[in-house]
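Hydrogens, waters and symmetry mates play no part in the numbers below; they use all other heavy atoms, side chains included. Quantities reported herein were computed from a predicted structural model and do not represent experimental measurements.
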Amino acid sequence: MIALVDCNNFYASCERLFRPDLRHTPIIVLSNNDGCVVARSDESKALGIPMGVPFFEVRELVGRHQIEVFSSNYTLYGDISRRVMEVIGERCPEVEVYSIDEAFVDFSVFSGDIWEEKAIELRQVIWDKVGIPVSVGLGQTKTLAKLANHLVKKRKLPQLWLGQGVAVISTVQDRHEALRTVQVGDVWGIGRASVGKLQSEGIHTAFDFIQCSSQWIRQYFTITGWRTWRELQGHHELPFNPAPPIPQSVVFSRSLSECLWSSKRIQQRVKIFTQSFAEKLRHKQVYASQVSLVLSGGYGERHNLGKRNRHLLVPSNDTRILLVEFEQMCTEILSSNPFGVHRVTLAATELVSTNVQQLSLFQAPTNHSIMQLLDRINQKFGRGTMRVGVTPKEMKHLHGRQRFRSPRYTTRWSELPVVDISKRYSVLSEK
DNA sequence: TCTGGGGTCCTAGGACCC
DNA sequence: TCTGGGGTCCTAGGACCC
């Protein structure tokens, strides 16, 4: 049995954590540069704010309903996520953190008669200790656990609920009923492209989907579609992976708030981004063997694009080494075909763990203590306190537009919330 | 005026090898 | 008239996810 613990409207809930006055106020959270809506509270959903819509398109609606707007505050969300996962980990031995707001939990470590009790308790304790509301879905496979969670969130099939926020699909009858209730496009792993294909064949619900033959599924979908089909029938096809291997790639990508034409300014941005990118590699404890830079201009299909790759003889995450590589790549791209740059993407592939480093025969090992020191200083005194080759003013460009960012309540001493207890105190002292 | 950022896996087709 | 058979590796693009 697998449980999926999923935080409800995670970013919006994080913003509410330190603003209890907003508990019933509609909230939206915006993407980088305050571009799109990436999270909505229930109230905002009810007001008809779609997911992923450009902010300017709903600005009028936001004003009319006095929706509270936040720029994304990943420092805060990352820390709250860590707390949620920690609480789950304290109570369940096998946890696979799937995303910032979701975790799969192996419930087969508990005996069958306490699954329900455990799920309800888990939900309650996350609320008590962290203050984030979650939904828990239980099923025999990851895909069924997802499905159960979906039922809770969409308020469908209350007969499968156990208290608010927990649903269990355990018997065959439960499963069939759940599959009949859910549209095939709402199944985890079946996206927009497949829905059209399925509907033209008269397949609308998840139950219709599992009625198809194995051959037919294999013929019209890739192996991933077939696995979903199997999972919905209770066969494990997606392994439970509590300790995920090192990632395949690490990407750092930013849209610029304005289109840049000057080579000097583009180089500057690349320099700034390289430092954050290298920091990200170190944080993930990997060295890159291959790095690439993509500069793109404009939106839509017909935008210019320049790409360069570099293979590193000795895999690295050292800012100084990466700066040289990215500066060279940037110069090459810009010299071949200059165009207005609207987006910069840095990527690393062929990653190796920092636990092992393959050295070149003729090169001395890198001195890591300097980078460690750099990271410690920047962590303590704020990002960009110590930099390579750019001024503090330039470094500020990094975050683009963030007009509505909340304080980093839990990770910056200077932004700790202040609680005024003077009134309470005076009452006590009078007594 | 204004449109995010970060991932995974799979497949087809080309280049190349013996 | 008639032109093999079996591989590997790489890349781009599609599909999907949060």
Side-chain angles (χ1 to χ4, degrees), chain A residues 4-11 28-40 50-60 62 69-74 77-78 81 96-104 142-143 146 149-150 153 184-198 218-228 237-239 241 244-259 273 276-277 280-281 283-284 286 290 292 294 296 298-301 303 305 307 309 311 342-351 398-403:
Chain A
L4 176 71
V5 181
D6 192 326
C7 302
N8 300 344
N9 313 326
F10 184 56
Y11 296 170
I28 59 174
V29 180
L30 304 179
S31 63
N32 249 16
N33 281 324
D34 296 338
C36 297
V37 174
V38 293
R40 306 153 296 156
M51 180 66 175
V53 70
F55 179 47
F56 69 88
E57 286 181 16
V58 291
R59 184 164 288 161
E60 193 268 331
V62 165
V69 180
F70 291 93
S71 302
S72 37
N73 184 348
Y74 289 107
Y77 311 151
S81 169
E96 175 185 339
V97 176
Y98 175 69
S99 73
I100 193 166
D101 69 336
E102 278 172 72
F104 288 107
K142 283 183 170 179
T143 309
K146 272 273 191 187
N149 206 294
H150 175 83
K153 290 225 165 114
V184 72
D186 291 330
V187 171
W188 187 50
I190 297 181
R192 239 198 340 221
S194 304
V195 169
K197 231 189 302 187
L198 288 166
R218 198 59 196 85
Q219 197 179 339
Y220 286 91
F221 295 90
T222 64
I223 188 75
T224 37
W226 183 83
R227 285 184 190 136
T228 298
E237 295 293 338
L238 306 173
N241 201 352
I246 59 167
Q248 301 290 311
S249 61
V250 171
V251 177
F252 186 95
S253 176
R254 287 291 178 278
S255 300
L256 309 177
S257 36
E258 52 177 339
C259 195
F273 291 159
S276 298
F277 175 65
K280 187 170 177 180
L281 290 174
H283 185 248
K284 297 197 171 225
V286 289
Q290 172 122 359
S292 66
V294 179
S296 21
Y299 300 102
E301 298 124 36
H303 61 234
L305 201 131
K307 183 175 180 184
N309 286 308
H311 195 83
H342 214 299
R343 183 180 189 81
V344 177
T345 305
L346 296 80
T349 49
E350 293 175 32
L351 307 173
L398 191 64
H399 293 293
R401 268 193 304 265
Q402 280 205 312
R403 280 168 296 173

By the 4.0 Å heavy-atom rule, please label [X] as base, sugar-phosphate, or nothing.
X	answer
A/Phe252	sugar-phosphate
A/Val53	nothing
A/Val187	sugar-phosphate
A/Ile100	nothing
A/Asp101	sugar-phosphate
A/Ser72	nothing
A/Arg218	sugar-phosphate
A/Ser249	sugar-phosphate

### Message
By nearest heavy atom, map A/Arg227 and A/Pro54 onto DNA chain B; which one lands nearer the 5' end?
### Response
A/Pro54

### Task
Select from A/Ser257 and A/Ile246 the residue whose nearest nucleotide in DNA chain B is closer to the 5' end of that strand.
A/Ser257

### Task
Heavy atoms only: give me the nearest A/Pro50-A/Val53 pair and the separation to one decimal.
O-CG1, 3.4 Å

#### Entry: Shortest non-hydrogen separation from A/Pro247 to A/Val286 and the atoms involved
CD-CG1, 4.4 Å

### Query
On a whole-Å scale, what distance lies between the P atoms belonging to C/dC18 and B/dT3?
25 Å

Rounding to a whole Å, what distance do you find between [X]:[atom1] and [N]:[atom2]?
X	N	atom1	atom2	value
A/His342	B/dT1	NE2	P	13 Å
A/Lys280	B/dG7	NZ	C1'	9 Å
A/Gln290	C/dT11	CD	P	7 Å
A/Asn32	B/dT3	CG	P	12 Å
A/Leu346	B/dG5	CG	C1'	13 Å
A/Arg40	C/dC18	CZ	C1'	13 Å
A/Lys307	C/dC10	NZ	P	14 Å
A/Tyr11	C/dC18	OH	P	12 Å

### Query
For B/dC18, what is the paired nucleotide under Watson-Crick or G-U wobble rules, both distances under 3.5 Å?
C/dG5

### Query
Honestly, is A/Lys280 close enough over A/Phe252, meaning NZ or CZ under 6.0 Å from the six-membered ring centre and within 45° of the axis?
no

### Message
Assess, by modelled atom type and distance only, whether the side chains of A/Arg403 and A/Ser71 contain a donor and an acceptor separated by less than 3.5 Å.
### Response
no

#### Entry: Electrostatic pair A/Lys142:A/Glu96 at N-O distance under 4.0 angstrom
yes

### Query
In terms of side-chain geometry, is the basic nitrogen of A/Arg401 or A/Glu258 positioned less than 4.0 Å from the acidic oxygen of its partner?
no

Taking 4.0 Å as the cut-off, does a side-chain nitrogen or oxygen of [X] come that near to OP1 or OP2 on [N]?
X	N	result
A/Lys284	B/dG6	no
A/Ser255	B/dG5	yes
A/Trp188	C/dC18	yes
A/Arg254	B/dG6	yes

